[in-house]
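Being a predicted model, the structure only gives us computed values, none of them experimental. Every chain is numbered from 1 and lettered A, B, ... according to where its sequence line falls, protein lines coming before strand lines.
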Protein chains: 2
Amino acid sequence: MEIQKAPSKMYLDIVHELRDIIKNEGIKTGGKLPSERVLAERLQVGRSTVREALRSLELLGLIETKRGEGTFLADFQKHQFVEVLADFIMQQPESVDDVNETRRIHEISAIKAISRNSSLRTLPVWESLLAKIEHNGEILREDLIREMIIATENRLSLKIWFLLKQYSMVRFDAMTHGVENSLVKDMLQAVRSGNEIAALAAYKKWIDVVERERREKSNDSRHF
Amino acid sequence: MEIQKAPSKMYLDIVHELRDIIKNEGIKTGGKLPSERVLAERLQVGRSTVREALRSLELLGLIETKRGEGTFLADFQKHQFVEVLADFIMQQPESVDDVNETRRIHEISAIKAISRNSSLRTLPVWESLLAKIEHNGEILREDLIREMIIATENRLSLKIWFLLKQYSMVRFDAMTHGVENSLVKDMLQAVRSGNEIAALAAYKKWIDVVERERREKSNDSRHF
DNA sequence: AAGACAGTGGTGGTCTGACCACCAAAAAAT
DNA sequence: ATTTTTTGGTGGTCAGACCACCACTGTCTT
């Protein structure tokens, strides 16, 4: 028997002990953690307590569990916690504008970063994107933006942007349409030549077009 | 009996259902959630499953539990997860740069938004901040930035920034120090007069100072 | 009547043991 | 050698029990 007392948040202690275990055993990213039953035995607590700690860490994106296999140290770059936060934060409908605005913050930042950095703006990916426009005639808005944020190599920013984008898509299923070639080309060219001002101007025009379309669409079929 | 199947991450579904409950019942900050046993009955799952979801949300700082009383919607302050994250991420130092970079994206965006908007840059709060600098002689970096992001009225950006800020604070406990008056004043004045370029320049100088201090600090006491 | 006290019901915290679904590797059958 | 079956281990879930704690209530003392 011997039910453990709970002076304060036992599962939090487990979290810390897990950190120590990971550290001492030298478990690397993708490595396997001891099983829940082993941990319970080793830390002298019930399996459910161990699980509460593990689930918390999983929601934070620090570990990954696979049924039938085990628990693994996750690639920290996943930042899964952002999703849950977003879920809770976005309960208020008035925050839709905030979502779009925040998404643009990240988009603009990427455009600026690339325009200013000569090694970024000469990346071959821009050439191939331009070529694709010439061939197919159109390109998806988010594909282009995504490539840009990827180029900045800020994976957290990319993650946040991706989530905000998804949320926008659910709210109003626009955004997946193609865009005017001229605007895209203007922007890409400006970015490539390091003309930050022109790139941002083209971006703003682009946004305006999207916004106008969205408004018209929501007028056509207003569900509210 | 009738043990539930687990197509995928049952406790994650609970997290979502909890969000709906909070939404539909109109539970406000500090409000009380249904008890674990009631939730289990209502959602037709075991109590332990409910608890796994609750513990996850607690680590994220979204709810607060008091033994003998109940579970409450937290007033977003605790955010215990930040320390846990920092603890774990020490081993993957490259993601720290992403966090700092992303935080700056939001800070710069706020500075620009305020500089460009005449009704924002003439807010009385800037006057009182300047006055406070004259009196006390110093001001906390994050207080100023926070006021700026608040002024933009983008609550999502504020939320994200707040989280990233805490994250940085745990990682290297600098950042809470006061800053040079001249730089702060330069920036505030530039913002007030709508001089975006100057404001950003002052901001950049500021960042450089902080960065240099941080580097020196980590050189003084290198634990590695 | 006012305050101190013990009881009571509800809540979170934990443990146990059981069963299910799943997976990978070993063992058996072909 | 290849395919199939078995088996052991793993996470996922459940039910019921007990503990520690807290707010409330009704009683008892003064």
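- Every residue was checked against the side-chain hydrogen bond (donor to acceptor under 3.5 Å, both in side chains) condition with B/E41, not counting sequence neighbours, and none meets it.
- Put simply, the side chain of A/W126 reaches to within 4.5 Å of the side chain of A/M148, judged on heavy atoms.
- Using a 4.0 Å cut-off, no side-chain N or O of B/R51 falls inside it from OP1 or OP2 of C/dG12.
- A search for side-chain hydrogen bond (donor to acceptor under 3.5 Å, both in side chains) contacts involving B/R55 returns B/E58, not counting sequence neighbours.
- When rounded to the nearest whole Å, the span between CD of B/E58 and C1' of C/dG13 equals 11 Å.
- Side-chain atoms of A/R47 come within donor-acceptor range of the base of D/dG12, with a qualifying N/O pair under 3.5 Å.
- Atoms NZ (A/K66) and P (C/dC23) sit 11 Å apart, rounded to a whole Å.
- The separation between B/R67 atom CZ and D/dC21 atom P is 6 Å, rounded to whole Å.
- Atom CG of A/L43 is separated from atom C1' of C/dT14 by 14 Å (rounded to the nearest Å).
- Nucleic acid contact class of A/T49 (heavy atoms, under 4.0 Å, all strands): sugar-phosphate only.
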Which atom pairs link the protein and nucleotides 3-8 of chain D when you take only N or O atoms and keep those under 3.5 Å?
none

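- Under the side-chain hydrogen bond (donor to acceptor under 3.5 Å, both in side chains) criterion, B/E17 pairs with no residue at all, not counting sequence neighbours.
- In this structure A/E25 satisfies the salt bridge (Lys or Arg N to Asp or Glu O under 4.0 Å) test together with A/R42, sequence neighbours excluded.
- Remark: the B/R37 side chain and the C/dG10 base include no donor-acceptor N/O pair separated by less than 3.5 Å.
- A/E36 places its CD atom 14 Å from the P atom of C/dC15, with the value rounded to the nearest Å.
- With D/dT13, D/dG11, C/dT14 as the candidates, the nucleotide lying closest to the side chain of B/M10 is D/dT13.
- B/T65 comes within 4.0 angstrom of sugar-phosphate atoms only, judged by non-hydrogen atoms across all strands, and of no base.
- The closest side-chain donor-acceptor pair between A/N154 and A/T152, if any, does not fall under 3.5 angstrom.
- Atom pair A/E52:CD and D/dG12:C1' shows a separation of 14 Å (rounding to whole Å applied).
- Applying the side-chain hydrogen bond (donor to acceptor under 3.5 Å, both in side chains) criterion to A/R121, with sequence neighbours excluded, gives no partner residue.
- Across the interface with DNA chain D, nearest-nucleotide mapping of A/E69 and A/S48 shows A/E69 to be the residue nearer the 5′ end.
- When rounded to the nearest whole Å, the span between CZ of A/R55 and P of C/dT14 equals 16 Å.
- Per the geometry, CD belonging to B/Q44 stands 13 Å off C1' belonging to D/dA15, to the nearest Å.
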